[in-house]
Amino acid sequence: MKFIKTISLKTVGCGECQACKTSCTVGNQCENK
Amino acid sequence: MAVGERIHKYLLNDKYIVLDVNSGAVHIVDEIVYDILDYYKKNSLDEIVELFNAKYDKNNIVQAYKEISKLEEEELLYSKETNVENIRYNKDNVVKALCLHVAHDCNLRCKYCFASQGDFKGDRSLMRLNVGKRALEFLIENSGNRKNLEVDFFGGEPLMNFDVVKELVYYGRELEKKNNNKKHFRFTITTNGVLLDDEKIDFINEHMDNVVLSLDGRKDINDNMRKTVSGKGSYDTIINNFKNFVNKRGDKDYYIRGTFTSYNLDFSKDILHFYDEGFKKISIEPVVASLDMDYVLKEEHIDTILDEYEKFSKDYIEIKKKDKDFLFFHFMIDLKQGPCLAKRSIGCGAGSEYMAVTPQGELYPCHQFVGNKKFKMGDVFTGVNNSQIREQFKKANVFTKEECSTCWAKFYCSGGCHANAYNVNGDFMKPYKTGCEMEKKRLECAISILANLEE
């Protein structure tokens with residue numbers, strides 16, 4: 001690829017995964033390696 | 001199911017970024033690709049060459065077009081919605097995390113406290129040991145085949161009931177042994193630091209996987225909102241306790257966590273203040289409050305807040321290049337090994353996998369709903385007896401929340417905070433719009449930071 005660099009779901013949960021207390025987000029969270 | 005935009009593209013911190021919503025793929029692209037994407041779906045290659053031949057070399061246009069087509073074939077661009085009918089969330093009603101309110105009492109009187117300065121609109125009270133022990137037993141009994149269980153000591157101020165905290169940690173370790181270590185408790189605690197002495201620090205550092213230290217940043221900002229019982233500012237009482245704690249913490253997790261309000265829309269200065277004072281792991285959250293409060297964040301503040309996040313993302317990149325240990329909670333994102341689609345669809349699991357326990361042992365969907373009797377789910381002695389509430393929360397996800405289903409950020413924000421939605425809109429299925437705008441900006445910043453640090 002000359003013009004595109006990929007730096008990174010279709011994982012379909014085991015329930016084993018885990019500061020905010022108000023702004024919940026899972027973007028920064030998988031234990032199932 | 002509504003079909004939203006399949007890609008999201010933006011320019012930030014000198015990077016052209018394209019996010020494929022349904023696969024989660026993130027691409028850094030050249031300007032030529034960024035431009036072509038506006039026409040790729042509705043124009044032929046010949047038309048696109050015609051459109052851009054004054055700006056780009058024809059061979060490059062053809063090459064860029066082919067690269068986009070290749071990613072589309074690989075389902076990393078314009079990928080279709082995943083069929084989620086097979087995702088049966090928590091069908092066995094497993095509980096894996098509890099927020100233990102060991103103290104409905106507090107030694108501070110923070111103006112914005114959702115817990116009504118610690119008492120959660122009720123009488124001040126401390127959790128008795130037998131209630132806490134029963135909560136841990138309830139968690140094990142309802143945890144199904146989950147190994148990793150989480151218990152957060154919360155309040156009010158949990159250090160006001162620290163003997164019970166210690167006994168519960170020891171009891172948790174006993175229960176692990178009794179269950180042949182097929183269960184593991186991950187203990188965490190949130191504290192305002194007033195009572196944080198050496199003895200407590202040593203215990204916490206030995207037993208707590210994560211610690212949240214509450215402080216708002218610069219002294220004048222903190223002291224305007226976080227007052228002692230006698231009405232004085234709390235900064236000077238606390239800051240050295242937190243520094244002492246962090247010095248002894250080693251490489252274990254902690255966050256110093258503040259709240260920003262309309263009084264510090266320049267909150268990046270508070271983050272940098274923490275960093276200058278020696279704290280590396282930092283979180284600053286927007287206040288959520290009713291519109292009649294002088295410190296509430298209003299529509300008119302949003303542009304300033306979004307600009308502040310962008311401005312701070314530039315500072316963050318520069319600091320991060322020199323100090324890899326520097327972390328801002330909302331700029332952390334894992335593009336390599338993030339959670340599965342199910343977890344991303346559901347979020348925190350409040351009211352289903354995650355519940356809060358009051359000092360009397362009552363169960364609520366999470367700490368933010370405690371005190372609202374409408375949301376009481378049962379208690380740790382007799383279990384969940386309001387299954388209607390549980391079913392409502394189980395059905396709340398990014399596919400069933402109408403506004404989330406078409407949003408490009410849905411697999412990162414997971415539908416936002418139910419409590420914020422309920423407190424603002426009276427319905428936890430209707431996301432808190434202002435929160436959405438901030439979350440999307442934080443996400444754009446987080447990805448642009450990774451893109452810059454990647455190269």
Side-chain angles (χ1 to χ4, degrees), chain A, chain B residues 22-30 32-33 63-64 67 71 75-76 79 82 84 86-87 94 96 146-148 150 186 190 212 255 257 283 285-286 288 329-330 332-344 347-348 353 367 411-414 416-417 420 435 439 443 446 450-451 454:
Chain A
M1 292 274 186
K2 183 178 174 186
F3 299 117
I4 302 177
K5 180 180 182 183
T6 301
I7 59 170
S8 52
L9 287 184
K10 290 167 179 282
T11 68
V12 183
C14 72
E16 293 293 0
C17 61
Q18 207 179 301
C20 44
K21 288 291 182 195
T22 53
S23 301
C24 286
T25 172
V26 298
N28 48 23
Q29 298 274 289
C30 172
E31 305 274 342
N32 191 16
K33 292 176 184 172
Chain B
N22 294 311
S23 71
V26 177
H27 313 285
I28 308 171
V29 303
D30 283 8
I32 185 171
V33 169
Q63 172 68 22
E67 291 184 13
L71 287 177
E75 295 193 44
L76 294 173
S79 64
T82 304
V84 290
N86 295 329
I87 294 183
V94 162
K96 63 159 294 191
R146 300 285 190 274
K147 177 181 169 72
N148 295 317
E150 293 153 32
R186 182 179 183 276
T190 299
V212 176
Y255 282 93
R257 181 222 179 276
S283 181
E285 304 284 329
V288 177
F329 182 73
H330 283 301
M332 293 160 60
I333 190 167
D334 190 329
L335 296 178
K336 305 288 187 194
Q337 187 70 29
C340 64
L341 191 72
K343 175 69 176 170
R344 287 166 186 260
C348 65
E353 290 183 293
H367 53 285
F411 293 132
Y412 290 92
C413 94
S414 306
C417 172
N420 286 355
E439 176 63 21
L443 181 55
L450 272 188
E454 180 90 4

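Every heavy atom of this structure was used, including side-chain atoms; hydrogens, water molecules and symmetry mates were not.
- Atom CD1 of B:I28 and atom NZ of A:K5 lie 5.5 Å apart (nearest 0.5 Å).
- Applying the salt bridge (Lys or Arg N to Asp or Glu O under 4.0 Å) rule to B:E67 yields no partners; only residues at least two apart in sequence or on another chain are considered.
- Distance check: B:E75 CD to A:L9 CG gives 12.5 Å after rounding to the nearest 0.5 Å.
- Put simply, of B:I32, B:L71, B:V29, B:D30, the one with the most heavy-atom pairs under 4.5 Å next to chain A is B:D30.
- With hydrogens and angles disregarded, a donor-acceptor distance shorter than 3.5 Å links the side chain of B:K96 to the backbone of A:G15.
- The NZ atom of B:K147 sits 13.0 Å away from the SG atom of A:C14 when rounded to the nearest 0.5 Å.
- What you find for B:V26 and A:S8 is that their closest heavy atoms are N-OG, 2.9 Å.
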